[in-house]
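Just so it is clear, the structure is predicted and the values come from calculations on it, not from any experiment. Residue numbers begin at 1 in each chain, while the letters A, B, ... track the order of the sequences.
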2 protein chains.
Amino acid sequence: MIYSSELIKGTLKTIVLKMLEDNTRMYGYEMTQRVKELTHEKIQITEGALYPTLHVLEEDGLVTTELEYIGKRARKYYSLSPQGKTKTKEKVSELADFMDTMKFLLDIKTQSA
Amino acid sequence: MIYSSELIKGTLKTIVLKMLEDNTRMYGYEMTQRVKELTHEKIQITEGALYPTLHVLEEDGLVTTELEYIGKRARKYYSLSPQGKTKTKEKVSELADFMDTMKFLLDIKTQSA
DNA sequence: CAAAAGTACATAAGAATCTTATGCATTATT
DNA sequence: AATAATGCATAAGATTCTTATGTACTTTTG
């Protein structure tokens with residue numbers, strides 16, 4: 001089972017930031033694999049969604065990049081900037097708060113389910 | 001504090017269906033007020049987002065409508081169809097599952113926060 | 001009692017974000 | 001040798017939301 005795509009909307013940026021908080025640096029492809037693995041395939045980040053998001057984070061100054069070569073193949077590592085670290089804490093706690101609120105909404109009258 | 005709009009994306013349809021499951025019938029404006037009240041203003045559903053969503057639910061056969069007049073003012077009540085009831089259970093349990101997964105992702109290495 | 005605020009519907013242009021498809025190139029596996 | 005995996009990227013189109021606007025009735029307030 002894979003979550004319907006609409007659910008994941010709006011959380012991608014936060015997921016990326018959170019992973020970078022935990023791993024100091026990661027590259028794009030690695031992120032797609034990590035999320036897949038951590039969620040037992042339930043969340044699949046597509047490259048078409050990820051790369052534009054990473055570029056926006058960079059434009060916004062939340063991440064910095066380093067290009068490295070493994071043999072002849074390029075890898076672009078992303079790390080949180082100081083502003084990125086602050087932003088990550090904000091986004092993560094907002095999402096946690098939001099999920100508590102949503103859980104409350106979903107639990108009303110249907111404590112069983 | 002109001003949640004950033006991107007967070008709410010993708011959950012609106014589920015919220016609406018869930019409210020209709022709990023209340024047998026509601027009208028649009030009522031839904032906006034109910035959510036605002038239940039979430040202490042943290043989630044504000046705008047009419048520009050809600051009405052098109054309701055129309056889609058109707059087109060998809062998940063809800064039925066009844067028009068009523070309070071004096072001269074029209075109210076459009078929405079109720080779940082049988083398919084809507086089934087769909088609601090699916091959507092609600094998917095969202096609950098998704099939130100557990102997200103919580104797991106956010107808790108990694110940052111059990112404090 | 002007039003003005004403002006609230007109730008109640010609706011649509012439409014534009015923005016944001018994601019999907020799907022495609023492209024290129026290198027490296028590992030079968 | 002062919003296929004799959006790694007690794008980046010972009011672009012057209014779809015979806016969904018924001019913001020603005022419009023209409024009209026009803027209630028509250030100064």
(request) Determine the sole option in B/Lys85, B/Lys91, B/Lys89 for which the salt bridge (Lys or Arg N to Asp or Glu O under 4.0 Å) test with B/Glu21 is passed. (result) B/Lys89
(request) Take atom OH of B/Tyr27 and atom P of D/dC25, then tell me their distance rounded to the nearest Å. (result) 18 Å
(request) Look only at the side chain of B/Ser81 and the backbone of B/Gly61, and say whether a donor-acceptor pair between them is shorter than 3.5 Å. (result) yes
(message) In this structure, how many angstroms lie between the P atom of C/dA8 and the CD atom of B/Gln33, rounded?
(response) 9 Å
(request) Nearest whole angstrom, please: distance from the P of C/dT27 to the NZ of A/Lys72. (result) 7 Å
(request) Would you check if the side chain of B/Glu94 reaches a backbone N or O of A/Ser4 as a donor-acceptor pair within less than 3.5 Å? (result) yes
(request) Have a look at A/Arg73 and say if it touches a base, only the backbone sugar-phosphate, or nothing, with a 4.0 Å heavy-atom cut-off. (result) base
(request) Could you work out which one of D/dC17, C/dT20, C/dC18 sits closest to the side chain of B/Ala49? (result) D/dC17
(message) Looking at D/dA9, I'd like to know if its phosphate oxygens (OP1 or OP2) sit under 4.0 Å from a side-chain N or O belonging to A/Tyr51.
(response) no
(message) Measuring to OP1 and OP2 of D/dC17, would you say a side-chain N or O of B/Thr53 lies under 4.0 angstrom away?
(response) yes
(request) To the nearest Å, give me how far apart CD1 (A/Ile15) and P (C/dC18) are. (result) 10 Å
(message) Show me, range against range, the stems involving DNA chain D, built from at least 3 consecutive Watson-Crick or G-U pairs below 3.5 Å.
(response) C:1-30 with D:1-30
(request) Rounded off to whole Å, could you give me the CD-to-C1' distance for the A/Glu37 and D/dT6 pair? (result) 16 Å
(request) Please examine the side chains of B/Met1 and A/Asp97, heavy atoms only from C-beta on, and report whether any two atoms are closer than 4.5 Å. (result) yes
(request) Would you check if there is a donor-acceptor pair between the side chains of B/Thr65 and B/Glu58 at a distance under 3.5 Å? (result) yes
(request) Just compare C/dT26, C/dT7, D/dA9 and give me whichever is closest to any side-chain atom of B/Tyr29. (result) C/dT7
(request) Mind checking A/Ser5 for me? I need base, sugar-phosphate or nothing, with any heavy atom below 4.0 Å counting as a touch. (result) sugar-phosphate
(message) Pick the closest DNA chain C nucleotide for B/Gly28 and for B/Glu6 by heavy atoms, then say which residue is nearer the 5' end.
(response) B/Gly28
(request) Take atom CG of B/Leu7 and atom P of D/dT18, then tell me their distance rounded to the nearest Å. (result) 11 Å
(request) Name the closest nucleotide to the A/Lys13 side chain, picking from C/dT17, D/dA9, C/dA10. (result) C/dT17
(request) Quickly work out the A/Ile8 CD1 to D/dT16 C1' distance and round it to whole Å. (result) 15 Å
(request) Tell me yes or no: between the side chains of B/Tyr3 and A/Thr101, is some donor less than 3.5 Å from an acceptor? (result) yes
(request) Could you please name the option among D/dT18, D/dC17, C/dA8 that lies closest to any side-chain atom of B/Lys9? (result) D/dC17
(message) How many whole angstroms separate atom CG of B/Leu12 from atom P of D/dC17?
(response) 5 Å
(request) Look at A/His55 and D/dT10 and indicate whether a side-chain polar atom (N or O) is within less than 4.0 Å of OP1 or OP2. (result) yes
(request) Name the closest nucleotide to the A/Glu47 side chain, picking from C/dT19, D/dC17, D/dA9. (result) D/dA9
(message) For a quick check of understanding: with a heavy-atom distance under 4.0 Å over all strands, which category does A/Gly71 fall into, base, sugar-phosphate or nothing?
(response) sugar-phosphate
(request) Go through the steps for A/Asp107 and A/Lys103 under the test salt bridge (charged side-chain N to carboxylate O under 4.0 Å, His left out), then give the verdict. (result) CA-CA 6 Å; A/Asp107 280 348; A/Lys103 243 184 183 154; over 6 Å; no
(message) Between A/Glu66 and A/Arg25 (salt bridge meaning N to carboxylate O under 4.0 Å), is one present in this structure?
(response) yes
